[in-house]
Peer 1: 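Next up is a structure, given as structure tokens.
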Amino acid sequence: MNIVDSTITLKLPEGSSDVLLKNLYLSCDPYMRNLMNKTQGTPSPFSYTPQSVIAGFGVSKVLESGNPDYKEGDLVWGFSKWEENSMPGITAYGGFFELGTPKKGENVFVSAASGAVEQLVGQFAKLHGCYVVGSAGSKEKVDMLKNKFGFDEGFNYKEEPDLNAVLKRYFPEGIGIYFENVGGKTLDAVLLNMRVHDRIPACGMISQYNLTQPEGVTNLAHIIYKRIRMEGFNSADFFHLYPKFLEFVLPHIREEKIVYMEDIAEGLENGPATLVGLFSGRNVGKQVLVVARE
Ligand code: NDP
């Protein structure tokens with residue numbers, strides 16, 4: 001079966017078994033930048049070339065269907081033309097619980113902490129009985145970490161010239177789990193503050209995606225000295241955990257023990273600026289682009 005994007009084709013051909021979709025909600029995600037880059041990241045069938053349409057996850061409505069499994073008005077999600085990445089939850093869940101292997105009372109540090117994945121990591125860590133500190137790029141975001149998501153502490157990394165000193169202040173006994181999202185200077189300072197046999201689930205390194213020459217990490221040898229387990233992952237590695245993830249997360253959402261913050265931008269014409277905004281921290285929470293509400 002083919003999925004036909006309604007922005008390209010407005011009517012299914014006679015006798016077609018395809019589904020005609022109208023895109024409603026599209027996602028803006030940092031990984032999209034990597035897919036535009038010839039020198040970084042893994043080549044992927046979804047890599048973008050000039051003049052091609054950006055692809056990603058999204059939510060769409062079935063306008064017309066020649067396929068018996070779908071009927072007009074159904075809402076569907078999946079990978080199509082620039083659409084929603086509905087996976088920040090499974091990224092946070094798999095990265096934190098499977099790779100972080102947290103224990104109650106451990107010290108957790110989360111960078112880019114107000115973001116789509118990270119706000120959930122912080123809340124999962126609190127529900128697990130950990131002490132959690134997050135860094136973010138504005139006072140508004142830091143307040144949100146503490147007052148909305150229940151982090152124990154937060155700081156604005158843009159106002160802290162000495163990240164090593166600030167981490168020592170918040171983690172006098174060292175960091176147990178660092179949920180890595182930014183790379184660069186932050187990772188360098190974290191490596192000085194990790195303890196022996198602790199873990200770094202490496203989710204992303206957003207500070208590096210726009211650089212033609214990635215920054216060096218001078219303290220990398222601490223991975224050896226401290227026997228740190230640093231492991232990169234892709235959210236797809238954890239898709240098999242989806243039922244377990246829902247079983248964990250849904251009761252907490254119903255009881256309002258997990259909250260979620262979205263940043264909604266309106267209109268496909270605002271897509272490029274919205275995507276670029278991720279790299280200056282313009283978004284507050286998960287960035288969604290609304291193309292149409294119905
Ligand atoms: P976010 O919602 O967190 O948006 C990105 C945020 O990153 C911005 O709001 C900004 O917040 C922060 N940021 C941007 N540039 C920098 C910088 N130079 N230094 C420090 N922080 C910066 O996006 P996501 O939660 O979707 O993604 C966060 C990370 O997780 C990214 O690295 C992404 O690639 C990765 N990721 C990985 C996945 C995987 O499968 N491995 C899946 C999804 C995401 P601030 O104002 O705080 O600077």
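Computed from heavy atoms alone, side chains included, the values below leave out hydrogens, waters and symmetry copies. Every number for a ligand or one of its atoms is a count from 1 in the order of the listing. One-based numbering along the sequence shown.
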Peer 1: Are Gln287 and ligand 1 in contact, using a heavy-atom cut-off of under 4.0 Å?
Peer 2: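 Per 4.0 Å heavy-atom rule, Gln287 does not contact ligand 1.
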Peer 1: Return the minimal non-hydrogen interatomic distance between Tyr170 and Gly154, and the atom names on each side.
Peer 2: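 Result for this residue pair: OH-O, 3.7 Å.
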Peer 1: Within ligand 1, which atoms have a heavy atom of Gly204 less than 4.0 Å away?
Peer 2: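 The list of qualifying atoms is 32 (O), 35 (C).
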Peer 1: Apply the side-chain contact (heavy atoms from CB on, under 4.5 Å) test between Phe109 and each candidate in Asn193, Thr186, Ile177; give the one that qualifies.
Peer 2: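 With Phe109 as partner, side-chain contact (heavy atoms from CB on, under 4.5 Å) holds for just one option, Thr186.
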Peer 1: Counting from 1, what ligand 1 atoms have a heavy atom of Ser207 closer than 4.0 Å?
Peer 2: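 Answer, ordered by atom number: 17 (C), 18 (N), 19 (N).
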Peer 1: Pull out every atom of ligand 1 sitting under 4.0 Å from any heavy atom of Ser235, numbered as shown with elements.
Peer 2: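 What qualifies from ligand 1 is 39 (C), 40 (O).
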Peer 1: Give a yes/no verdict on whether any heavy atom in Cys203 is under 4.0 Å from an atom of ligand 1.
Peer 2: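 Distance cut 4.0 Å: Cys203 passes for ligand 1.
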Peer 1: Looking only at distances, please establish whether an N/O atom of ligand 1 is found under 3.5 Å from an N/O atom of Ser138.
Peer 2: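 N/O-N/O distance under 3.5 Å: no.
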Peer 1: Hey, are Asp152 and Lys146 close enough for a salt bridge, meaning a charged N less than 4.0 Å from a carboxylate O?
Peer 2: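 Between Lys146 and Asp152 there is no salt bridge, as every charged N stays at least 4.0 Å from the carboxylate O atoms.
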Peer 1: Record the part of Thr91 in heavy-atom contact with ligand 1 below 4.0 Å; permitted values are side chain, backbone, both and neither.
Peer 2: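 The side chain, only.
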Peer 1: What atoms of ligand 1 come within less than 4.0 Å of a heavy atom belonging to Phe233?
Peer 2: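 In order of number, 39 (C), 41 (N).
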Peer 1: Is there a side-chain contact (heavy atoms from CB on, under 4.5 Å) between Ser60 and Trp77? Walk through the geometry before answering.
Peer 2: CA-CA 6 Å; Ser60 309; Trp77 71 271; over 6 Å; no
Peer 1: With a 4.0 Å cut-off on heavy atoms, is Met205 touching ligand 1?
Peer 2: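 Under 4.0 Å: yes for Met205.
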Peer 1: Flag Asn181 as yes when one of its N or O atoms lies below 3.5 Å from any N or O atom of ligand 1, and as no otherwise.
Peer 2: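 N/O-N/O distance below 3.5 Å exists for this pair.
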Peer 1: Among all residues two or more places apart in sequence or in another chain, which pass the salt bridge (charged side-chain N to carboxylate O under 4.0 Å, His left out) test with Glu160?
Peer 2: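 Testing Glu160 for salt bridge (charged side-chain N to carboxylate O under 4.0 Å, His left out), a comparison that skips the adjacent residues, returns Arg169.
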Peer 1: Is the number of heavy atoms from other residues, nucleotides or ligands under 6.0 Å of Lys185 NZ greater than 12?
Peer 2: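 No, not enclosed.
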Peer 1: If the cut-off is 4.0 Å to any non-hydrogen atom of Lys141, which atoms of ligand 1 fall inside it?
Peer 2: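 Near Lys141, the atoms of ligand 1 are 9 (O), 11 (O), 45 (P), 46 (O).
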Peer 1: Please report whether the ring centroid of Phe233 lies less than 6.0 Å from that of Phe238.
Peer 2: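 Phe238 vs Phe233: aromatic centres under 6.0 Å.
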Peer 1: Backbone or side chain, does any N or O of Tyr31 fall under 3.5 Å from an N or O of ligand 1?
Peer 2: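 By distance alone, the answer is no.
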Peer 1: What distance do Arg199 atom CZ and Thr101 atom OG1 have between them, rounded to the nearest 0.5 Å?
Peer 2: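 Here the interatomic distance stands at 4.0 Å.
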Peer 1: Do Phe248 and His252 make the cut of ring centroids closer than 6.0 angstrom?
Peer 2: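 Distance test on ring centres: under 6.0 Å, yes.
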Peer 1: Heavy atoms only, cut-off 4.0 Å: how does Val182 contact ligand 1, side chain, backbone, both, or neither?
Peer 2: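 Looking at Val182 and ligand 1, just side chain atoms fall under 4.0 Å.
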Peer 1: Just going by heavy-atom distances, which of Gly137, Gly154, Gly277 is nearest to atom 47 (O) of ligand 1?
Peer 2: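 The option holding the nearest heavy atom is Gly137.
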Peer 1: Is the Phe171 ring parallel, tilted or perpendicular to the Tyr131 ring (thresholds 30°, 60°)?
Peer 2: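 Phe171 and Tyr131: perpendicular rings.
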Peer 1: Counting each atom of ligand 1 from 1 as listed, which ones have a heavy atom of Ala136 under 4.0 Å away?
Peer 2: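 Answer for ligand 1: 47 (O).
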Peer 1: Flag Arg282 as yes when one of its N or O atoms lies below 3.5 Å from any N or O atom of ligand 1, and as no otherwise.
Peer 2: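 Among all N and O atoms of Arg282, none is under 3.5 Å from an N or O of ligand 1.
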